[in-house]
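The structure appears below as structure tokens.
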Amino acid sequence: MKNIVLTALNTRHTHSALGLAYIKSFWEKDPAHQPLNLIEFDLNQTNEGIIADLILLKPDILAFSVYIWSLPRTLAVAGAIKAAFPDCLIIFGGPEVSFNSEAVMAGCPAIDFIVRGEGEITFSELLETLLAGQPTDTIAGVTRRCASEIIRNSDRPFIKTLDEIPSPFRSGIYKGVHSFTYYEASRGCPSRCTYCLSSVLGPVRNHSIERVKADLDWFFNSDYRQVRFADRTFNFDRERAREIITYIKANNHRNINFHFEIQADFLSEDIIDLLSDAPDGMFHLEIGIQSTNPDALKAVNRRFNLEILRDRIGQLKKRTKCHLHLDILGALPCDTLRHFYQSLDDVWSLAPHSIQISLVKVLRGTPLENQLKDGQLAAMSEPPYTVLRTRWLSPEDAIRIQDVGKLVEGMHNCERFPAALTFMVLHLFKGSAASMYDAMAVYWRQKKLQFFNFSPENMARQLLAFAGAGTPDRSLLARCRSLIEHELRLTQKIPAGETFAGPDFEPRLKKHPFRVTQGIRVFWYEFDPVAMAADPANADSGAILPFVPVVYRFERDLSATPSIEILDLDLALRFALAAVQNRADPSLIAGHWSSTFPQLPVFDFSAALEKLQADGLIYKAQNH
């Protein structure tokens with residue numbers, strides 16, 4: 001029996017090669033077929049280690065699934081295996097080698113066959129033929145090496161009935177070893193965007209709704225936490241989308257997160273209604289905006305109604321708990337840097353939870369390759385084929401877009417400083433997020449800062465420095481500082497930093513009659529960050545008092561997930577709690593209050609202490 005091995009280099013260890021699982025599932029549905037060995041690696045592993053593991057398997061036939069991120073390393077690994085086992089037949093397949101198969105084989109003598117396009121039927125026929133020792137010249141969808149020649153066999157039609165492919169989940173190939181998986185309920189795309197590989201992968205074909213529901217039932221009882229539908233426009237078939245969403249809502253007892261790519265401008269009212277009562281965390285919606293420049297959209301054969309899109313996304317924000325992820329592509333034909341920044345401002349105004357920015361890539365087989373050939377675009381010649389210059393965009397501007405994308409990913413998408421960033425956009429950059437991130441990109445380059453170190457503490461430090469360099473207005477800067485320090489504390493297991501800023505509570509008692517309960521801390525701010533976070537558009541919010549105390553309750557078990565709560569207490573109770581925290585002499589509290597808030601009447605400090613004690617926020621010291 002031949003040892004047949006399927007393998008792939010995934011981007012990281014949490015990912016899985018869904019294509020290989022489909023190949024294995026289709027082949028093994030015939031009980032007469034021998035089982036295939038499936039082994040997956042990731043790009044964090046060394047070539048040396050991958051090669052060693054494959055050599056120890058002693059494959060007779062070794063098939064690689066190849067993607068844009070894995071081609072160079074897969075070529076190196078394949079060459080090494082062929083050197084170790086000259087008689088081992090090596091097969092490549094996948095989107096990265098389907099459209100230029102002859103060139104790939106010409107550059108890598110180790111490859112014996114390339115399976116083009118959808119691989120389930122083609123690979124099965126190729127494997128049956130090889131195991132039978134028969135010629136492969138009539139197998140559609142294969143490019144093959146014949147002595148010194150490379151021969152491209154005829155193309156294979158797209159698979160019409162996807163249910164012919166058994167579910168790789170219910171067939172036992174996947175056992176929930178990863179926290180998430182991609183899932184394919186359909187293939188093809190109704191759109192024909194020139195930059196997208198889906199534009200050449202055939203018409204939309206669906207798995208039956210019964211098949212999808214059966215797979216969903218499997219997911220509901222699995223260990224997966226997220227299922228990402230690979231369907232390019234999930235809501236293309238409105239009734240089908242309704243049925244799937246309804247089924248998920250009714251049966252998703254573990255609240256698994258489901259990710260859909262949708263086209264928002266033809267998102268129907270009834271689907272928004274369906275999503276409106278879904279619990280937080282159940283649905284993640286990705287919406288490809290790409291550009292709001294009509295000329296750029298026309299150039300890549302993409303169209304949408306911006307006003308309808310604004311309305312639909314606004315309805316999703318207002319009426320649902322869905323996580324909204326919007327995409328922008330830079331360096332599209334007809335898009336200048338100014339157009340890109342207008343797109344960024346348009347998308348930011350929609351208030352999505354996350355914004356993904358990347359430079360467009362000229363993927364093999366896409367119509368965008370034609371514009372590369374006629375000189376309108378210039379891109380990397382090797383993966384990932386990123387466009388670095390166009391007729392409308394200089395190389396320097398392309399790098400600026402790339403820098404902005406990294407900053408948006410690191411600053412905005414983590415959602416650690418949402419109010420501070422919004423305040424800065426509105427009051428330091430006249431409402432233009434693009435202007436802020438452009439200035440930030442320049443600042444990062446000038447200061448030689450890293451575009452990948454976005455820990456909360458580093459973000460807070462750099463945001464404060466950036467704000468200080470961007471405005472001479474000390475009042476606005478102080479407001480930024482209050483917001484940034486407050487939001488930083490919300491990310492920490494234990495809120496940290498100076499707690500004594502604010503009133504002078506001197507002299508302090510060595511032994512105070514009360515203690516603050518563990519897990520409670522009071523911090524003082526020059527401006528009220530809670531009020532500013534609630535209304536960042538109002539530059540005067542949070543400026544009522546000279547100093548403002550904020551009370552935080554935090555998780556005392558450091559092994560648990562960090563949990564910070566802002567306690568909603570009136571000013572008198574917060575002041576009293578701060579006084580206890582700072583061991584203030586009770587007899588002097590009235591004077592401290594009057595010197596801090598001269599415009600406010602003195603409160604009953606004894607009554608406040610009783611209230612705090614009743615609420616469990618302070619307790620009597622035993623040694624007093």
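None of these values were measured; they are calculated from a predicted model.
- The shortest side-chain heavy-atom distance between Glu164 and Glu120 does not fall under the 4.5 Å cut-off.
- Using the six-membered ring where Trp is involved, Trp69 and Tyr67 have ring planes that are parallel, under 30° apart on the 30 and 60° scheme.
- A cation-pi arrangement is found for Arg187 relative to Tyr22, the charged atom lying closer than 6.0 Å to the ring centre and inside a 45° cone about the ring normal.
- Using a 4.5 Å heavy-atom threshold, the side chains of Phe234 and Leu285 count as separate.
- Classification of the Phe454-Trp444 ring pair by plane angle, with boundaries at 30° and 60°, yields parallel.
- The aromatic rings of Tyr183 and Phe229 sit perpendicular to each other, their planes meeting at more than 60°, with 30° as the lower class boundary.
- A side-chain contact (heavy atoms from CB on, under 4.5 Å) with Ser358 is found for exactly one of Leu329, Ile401, Thr386, Ile328, namely Leu329.
- One N or O on the side chain of Asn301 and one on the backbone of Arg192 form a donor-acceptor pair closer than 3.5 Å.
- In the model, Asn47 has a side-chain atom that pairs as donor or acceptor with a side-chain atom of Arg73 under 3.5 Å.
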Q | Phe113 and Ile139: CA distance, side-chain angles, deciding distance, side-chain contact (heavy atoms from CB on, under 4.5 Å) verdict | A | CA-CA 11 Å; Phe113 300 93; Ile139 301 174; over 6 Å; no
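- Atom-to-atom distance recorded for Asn100:CG and Ile114:CD1 is 7.5 Å, nearest 0.5 angstrom.
- One distance of note links CD1 of Ile165 with CD1 of Ile159; it measures 4.0 Å at 0.5 Å rounding.
- Separation of atoms SG (Cys108) and CG (Leu71) is listed at 9.0 Å; rounding is to 0.5 Å.
- In this structure, Lys24 contributes its side chain and Asn37 its backbone to no donor-acceptor pair below 3.5 Å.
- Under 3.5 Å, the side chains of Asp327 and His325 contain a donor-acceptor pair of N or O atoms.
- Under the 3.5 Å distance criterion, with hydrogens and angles disregarded, no donor-acceptor pair is assigned to the side chains of Ser101 and Arg116.
- When the shell of 6.0 Å around CD of Glu149 is examined, it contains 12 or fewer heavy atoms from other residues, nucleotides or ligands.
- Applying the salt bridge (Lys or Arg N to Asp or Glu O under 4.0 Å) rule to Asp60 yields no partners; only residues at least two apart in sequence or on another chain are considered.
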Q: Evaluate the salt bridge (charged side-chain N to carboxylate O under 4.0 Å, His left out) criterion for residues Lys213 and Glu243: first the C-alpha distance (whole Å), next the side-chain angles of each, then the deciding distance (0.1 Å), finally the verdict.
A: CA-CA 9 Å; Lys213 288 180 178 179; Glu243 191 165 355; 2.8 Å; yes
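- With values rounded to the nearest 0.5 angstrom, Leu9 atom CG is found 4.5 Å from Thr74 atom OG1.
- Looking only at side-chain heavy atoms (C-beta outward), Asp137 and Ile151 stay at 4.5 Å or farther from each other.
- Classification of the His284-His323 ring pair by plane angle, with boundaries at 30° and 60°, yields parallel.
- Judged by distance alone, with hydrogens and angles left aside, the side-chain atoms of Ser98 form a donor-acceptor pair with the main-chain N or O of Gly117 at under 3.5 Å.
- No side-chain heavy atom of Val300 sits less than 4.5 Å from a side-chain heavy atom of Gln290.
- Salt-bridge annotation for Glu118 and Arg156: absent, with no side-chain N of the basic residue lying under 4.0 Å from a carboxylate O of the acidic one.
- Proximity of a side-chain donor or acceptor of Glu369 to a complementary backbone N or O of Gly365 within less than 3.5 Å is detected.
- For the pair Ser349 (side chain) and Asp346 (backbone), a donor-acceptor distance under 3.5 Å is present.
- The two residues Ile111 and Met105 come nearest to each other via the heavy atoms O-CE, 3.5 Å.
- Considering only residues two or more places apart in sequence or on other chains, Arg302 meets the salt bridge (Lys or Arg N to Asp or Glu O under 4.0 Å) condition with none of them.
- At least one side-chain heavy atom of Gln371 sits less than 4.5 Å from a side-chain heavy atom of Asp374.
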Q: Tell me, with the steps shown, if Asn293 and Asp335 meet side-chain hydrogen bond (donor to acceptor under 3.5 Å, both in side chains).
A: CA-CA 7 Å; Asn293 173 14; Asp335 244 357; 3.0 Å; yes
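- For the residue pair His259 / Gln226, no side-chain donor-acceptor distance below 3.5 Å is found, with atom types taken as modelled.
- The two residues Ile313 and Ala264 come nearest to each other via the heavy atoms CG1-CB, 4.0 Å.
- Counted by atom type alone, Asn305 and Arg303 present zero donor-acceptor pairs between their side chains at under 3.5 Å.
- Between the side chains of His353 and Glu415, no donor N or O sits under 3.5 Å from an acceptor N or O.
- Counting only distance, with no hydrogens or angles, the side chain of Thr366 and the backbone of Val362 share no donor-acceptor pair below 3.5 Å.
- What you find for Leu131 and Ile61 is that their closest heavy atoms are CD2-CD1, 4.4 Å.
- Residues Glu286 and Glu261 meet the side-chain proximity criterion, which asks for heavy atoms closer than 4.5 Å.
- For the pair Asp215 (side chain) and Ala185 (backbone), a donor-acceptor distance under 3.5 Å is absent.
- For Pro59 against Phe85, the heavy-atom pair with the smallest separation is CD-CE1, 4.0 Å.
- Tyr385 and Glu96 share a side-chain donor-acceptor pair at under 3.5 Å.
- Using a 3.5 Å distance cut-off with no hydrogens or angles, the side chains of Ser432 and Asp345 do pair a donor with an acceptor.
- Under a cut-off of 6.0 angstrom, the local environment of NZ in Lys29 is crowded, with over 12 non-hydrogen atoms contributed by other residues, nucleotides or ligands.
- Checked against salt bridge (Lys or Arg N to Asp or Glu O under 4.0 Å), Arg389 has no partners two or more places apart in sequence or in another chain.
- One N or O on the side chain of Glu40 and one on the backbone of Ala17 form a donor-acceptor pair closer than 3.5 Å.
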Q.
Please determine whether side-chain contact (heavy atoms from CB on, under 4.5 Å) holds for the pair His412 and Tyr437, giving the CA-CA distance in whole Å, both sets of side-chain angles, and the decisive distance to 0.1 Å.
A. CA-CA 10 Å; His412 176 274; Tyr437 283 109; 3.4 Å; yes
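- Summarising the geometry of Ile272 relative to Thr320, their closest heavy-atom pair is O-CG2, 4.0 Å, with the distance given to 0.1 Å.
- To the nearest 0.5 Å, the span separating CG on Leu127 from CD on Glu125 amounts to 11.5 Å.
- Salt-bridge annotation for Asp265 and Arg312: absent, with no side-chain N of the basic residue lying under 4.0 Å from a carboxylate O of the acidic one.
- For Arg225, the CZ atom counts as loosely surrounded, since its 6.0 Å shell holds 12 or fewer non-hydrogen atoms of other residues, nucleotides or ligands.
- Atom CD of Glu48 has 12 or fewer heavy atoms from other residues, nucleotides or ligands within 6.0 Å.
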Q: For side-chain contact (heavy atoms from CB on, under 4.5 Å), just list the numbers for Arg238 and Asp270, CA-CA rounded to whole Å, side-chain angles, deciding distance to a tenth of an Å, and then say yes or no.
A: CA-CA 9 Å; Arg238 190 175 94 179; Asp270 55 346; 3.4 Å; yes
Q: Could you go through the side-chain contact (heavy atoms from CB on, under 4.5 Å) check for Ile357 and Phe340 one step at a time?
A: CA-CA 10 Å; Ile357 295 171; Phe340 166 78; 3.7 Å; yes
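- In this structure, NZ on Lys298 lies 14.5 Å from OG on Ser291, to the nearest 0.5 angstrom.
- Asn413 contributes no side-chain N or O that, together with a main-chain N or O of Gln356, makes up a donor-acceptor pair within less than 3.5 Å.
- Distance alone, capped at 3.5 Å, places no donor-acceptor pair between the Ser154 side chain and the Ala140 backbone.
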